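The structure appears below as structure tokens.
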Amino acid sequence: MSTTKIIKYQLQDVFRSKWVWAYALFFFAVTEALFQFGGDGDRVITSMMNVVLLVIPLISIVLGAMYLYNSREYIELLLCQPVKRSSLFFGLFSGVTVPLSVAFTVGVAVPFLMRGSEIGSILFLVITGILLTVIFVAMAFGLALSFEDRIKGLGIALILWLFFTVIYDGIILLIIYSFSDYPLQQPVIILSMLNPVDLGRILLLLNYDISALMGFTGAVFQRFFGSLAGQSISITAMLLWLAIPFWLGRRAFLRRNF
Amino acid sequence: MITVKQLKKRFAKLEALKGVDVSFEPGEVTAVLGPNGAGKTTLIKSILGLVRPDSGIITFDGKELNGDYTYRERIGYMPQQARYPENLTVKEILEMIRDLRNYPEVQDEELITMFNLQSEMNKPFKTLSGGNKQKMSAVLAFLFCPDVLFLDEPTAGLDPIASSKLKDKIITEKKKGKTIILTSHIMSEIQELADKVVYLLEGNLHFVTTVDSLLDDTGQPNLERALASKLEGVAA
Amino acid sequence: MGIPPNYLIPSITELPKTQGVNTMKVLINIILMGAVLAFLPGLAAADGEITVGERSFTSLSEAVSYASDGDTVWVDGGEHTDTPLLIEHEIALIGLNNPVIDAQHQGEVIRVNANNVLIEGFTITGSESSHIRDNAAIRFDRVTDGIVRNNILDDNFFGIYLARAHRTQVLDNKLTAYGTREATSANGIHAWYTNDLLIRGNTIKGHRDGIYLEYVEDSEILRNEAEGNIRYGLHFMFSNDCVYNGNTFRNNGAGTAVMYSENVDMHYNLFLDNWGSSSYGMLLKDMRDSRITHNQFIRNTAAIRIDGSSRMEVENNRFRENGWAIRILANSPDNHFTKNDFINNAFDVATNSRRAYSTFDKNYWSHYSGYDLDGDGYGDVPYRPVRLFSLIVEQNSTALILLRSIFIDLLDIAERVVPVLTPETLIDENPLMKEVNR
């Protein structure tokens with residue numbers, strides 16, 4: 001009960017903030033620009049892939065952390081009302097993820113819909129974007145609840161972002177080169193599941209740019225990611241990525257001294 | 001109304017409360033005093049449920065606090081510095097808190113008129129002046145006629161007129177039998193409002209006494225001097 | 001031998017240039033054919049009626065062995081199982097109302113042992129799958145100038161088998177097989193030591209290789225469709241001086257393989273959806289002096305893989321959404337790529353060497369991000385189609401899982417600024433700003 005109430009007022013507040021619209025405008029501008037330069041929808045989607053994989057984690061983790069840091073007094077205030085802590089946590093969480101997801105979706109979808117594309121064509125891009133938003137906001141909440149010092153918290157947020165979007169793949173490449181004498185496809189698949197950005201990238205590749213992944217070194221990759229089981233496992237891994245930080249954040253929130 | 005027994009709380013490096021026993025009674029204004037880091041905030045936050053104590057028992061109207069949040073329906077809290085969702089208007093924030101409290105039938109809107117807040121109703125929270133934010137906080141604390149009021153530096157940032165109106169309100173509520181817990185740096189304000197003083201020092205309860213007996217015992221003309229002489233006496 | 005039989009009625013344009021039939025003869029043929037049709041006794045005949053001239057037969061094999069040079073065997077419907085059917089004379093075997101010849105998976109169906117034989121209008125089915133014998137629906141063995149036209153070849157081991165069968169024409173047949181493994185299925189149209197072929201307008205599905213040519217010269221393969229064959233849509237070896245125009249190769253196991261031949265022309269073909277771990281639109285293996293122009297390569301794992309081939313002219317082709325547009329090995333010198341469109345391929349060009357032995361000039365690259373400030377239609381900065389990542393993948397295929405990773409993009413950008421590992425000289429100096437082959 002009180003969860004929905006809190007979400008309602010959170011959304012009422014956040015949707016009046018400028019940053020939500022700036023965020024939507026950003027995605028609109030990038031998508032629109034890609035249409036202007038590139039042309040057809042498929043190409044825009046593949047170009048948007050990298051934008052989604054880079055920008056969404058960054059904004060979600062930084063904004064999520066800042067939001068929680070800035071809401072400290074507000075949280076205290078609400079906790080003095082007859083409100084369950086878990087309701088408040090969920091309310092705050094939705095208060096960031098829902099506006100970010102909506103802004104992203106609208107920003108990307110409008111240029112496509114204006115050109116008469118079906119919403120189905122960008123469905124996977126949107127779903128992946130939303131999943132990444134939720135995952136990185138959950139991480140941000142965990143960070144902001146674990147580190148009292150907001151400079152420290154934001155610093156770690158940036159490092160985490162850099163780690164997941166760039167450094168992690170560097171490590172994978174290093175491993176691939178260091179152990180090139182061994183059969184590595186399976187370990188590499190597992191490794192890539194341990195990074196939500198990689199997971200998102202592979203899910204997008206499978207749905208939009210199968211050109212190389214599917215055709216090529218077939219055996220394990222193709223059998224794994226191409227199969228229903230593989231797809232289910234990837235999606236399950238993604239959902240775990242969503243559930244675990246959320247659960248940890250919630251636990252920290254419930255136990256925390258404000 | 002509220003009793004605290006052997007309350008202990010330790011933060012990473014700091015032992016904030018080392019076993020505090022104290023009680024707050026209806027019809028009384030109790031001032032919680034002490035230097036910075038003495039444990040005032042931790043004590044109050046423990047009662048409000050913001051801080052999870054390590055050990056000890058807190059009872060509220062005879063019932064032990066055990067994680068159930070509904071007792072807070074009977075609490076009004078006025079923080080030192082209030083922050084609400086920035087883009088919501090005063091009206092919307094009032095509506096939100098009413099909604100969260102399931103629209104109690106009895107509501108006390110006296111302070112809204114006392115503070116002349118009607119003209120501010122449609123302004124977003126972020127555009128309010130510091131004083132008006134504080135007034136809003138006060139309105140919300142008293143709005144639901146709670147049995148217990150926590151007032152954290154209630155007059156800080158208020159102009160003299162508003163400040164004295166708020167004090168009047170506090171006294172009125174006390175007379176109605178409310179339990180009022182107050183912190184303030186202004187000793188004259190405490191002398192004016194409080195019946196009892198709870199003094200914390202380094203996580204321990206240093207002393208509890210009534211304002212009157214404190215003044216009598218020390219023979220000082222005001223609370224500030226009385227406290228000073230009492231503390232020096234203890235130290236000596 | 002030299003005189004075309006009177007049942008031959010190809011249109012002028014259908015005739016392969018090597019056949020050397022003049023217009024007058026063709027006209028005579030058409031008139032004669034019209035006369036035959038006018039007195040046709042079997043048009044309204046009972047099901048399964050077989051006639052040769054005035055005579056009727058109940059057995060197809062009897063009719064065929066009765067017929068002598070120049071005769072036409074008319075078969076009106078029915079199912080005929082007296083196989084193998086041996087054709088020993090220069091006859092026409094024409095089916096009306098879709099007669100079926102069924103070997104019931106015993107041996108072969110029709111074997112032609114005479115020149116100038118026409119087979120038209122039949123459904124031919126049931127040649128036996130075998131590890132020892134090349135059982136075919138129709139086999140021409142050491143005979144020339146045959147025509148196989150408008151037949152349906154269903155569920156056969158080999159479809160049409162040509163061995164030393166010069167000047168044969170295979171026109172507008174539909175071949176379908178249902179094999180699942182290479183070992184138990186055979187080729188749709190199979191030709192061996194045969195010159196001056198015309199293979200045109202056939203559809204081949206589900207065979208091992210759609211069209212297989214070995215030691216075939218001076219032949220034309222036009223407007224065929226090979227789809228869903230287990231191995232290659234088109235497979236030829238040691239076959240010089242052939243022309244492949246307007247064919248479609250779709251979704252074949254390993255694409256098409258073009259090997260050990262020279263002076264080959266491949267134009268206006270479509271290579272589509274040839275996906276798989278070792279699949280390609282077209283594999284060029286040990287090819288020389290050939291021309292590949294105006295083809296479209298769409299969604300193939302590797303559009304063209306070039307191994308040990310040289311002096312290929314690759315011009316005006318369109319490469320779209322392939323894993324690799326061009327995979328060229330260092331053993332392939334002096335190939336020229338010009339006026340091609342490279343659009344949205346995961347990799348435009350991959351190679352295994354730091355040196356470039358082939359040239360790219362005036363192509364359109366969708367990944368090119370330079371500008372054309374002087375407005376001459378060519379980008380002002382050269383384009384390097386080889387990405388560092390393609391090199392990494394070439395060495396270590398597992399790395400492919402990092403495709404489109406931001407880390408990899410950063411690596412590529414760094415490499416583009418300061419090429420350390422990718423071939424410095426593999427450059428398109430004049431990248432086009434607009435597509436040329438829309």
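When reading the values below, keep in mind they use all heavy atoms of this one structure, side chains included, and skip hydrogens, waters and symmetry mates. On a predicted model such as this, the values are computed, not experimentally measured, just so you know. Residue numbers begin at 1 in each chain, while the letters A, B, ... track the order of the sequences.
- The ring-ring contact (aromatic ring centres under 6.0 Å, His included) test with Tyr23(A) singles out one residue from Trp19(A), Phe26(A), Phe27(A), and that residue is Phe27(A).
- In this structure, Asn352(C) has no side-chain hydrogen bond (donor to acceptor under 3.5 Å, both in side chains) partners at least two apart in sequence or on a different chain.
- Heavy atoms of Asp409(C) lying under 4.5 Å from chain A belong exclusively to its side chain.
- Between Asn274(C) and Thr301(C) there is no side-chain heavy-atom pair separated by less than 4.5 Å.
- A donor-acceptor distance shorter than 3.5 angstrom exists from the side chain of Asn340(C) to the backbone of Asn316(C), with no hydrogens or angles considered.
- Heavy-atom minimum distance, Val62(A) versus Leu154(A): O-CD2, 3.9 Å.
- With a 4.5 Å cut-off on side-chain heavy atoms, Thr248(C) and Glu227(C) do not count as touching.
- At a heavy-atom separation below 4.5 angstrom, chain C is approached by Ile172(A), Leu173(A), Ile176(A), Tyr177(A), Ser180(A), Leu184(A) within residues 172-184 of chain A.
- The stretch residues 52-60 of chain A places Leu53(A), Leu54(A) near chain C, each with some heavy atom under 4.5 Å from a heavy atom of that chain.
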Mind listing the side-chain donor-acceptor pairs of residues 377-385 of chain C below 3.5 Å, one per line with the distance, residues two or more places apart or on another chain?
unit_1, atom_1, unit_2, atom_2, d
Asp380(C), OD2, Leu373(C), N, 2.6
Tyr383(C), OH, Asp348(C), OD2, 2.8
Arg384(C), NH1, Glu424(C), O, 3.4

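- In terms of heavy-atom proximity, Phe124(A) sits nearest to Leu204(A) at O-CD2, 3.8 Å.
- Taking 4.5 Å as the limit, some side-chain heavy atom of Phe136(A) sits within range of a side-chain heavy atom of Val197(A).
- Interface residue Leu411(C): only side-chain heavy atoms are found under 4.5 Å from chain A.
- The shortest non-hydrogen separation linking Lys205(C) to Asn229(C) is C-OD1, 3.4 Å.
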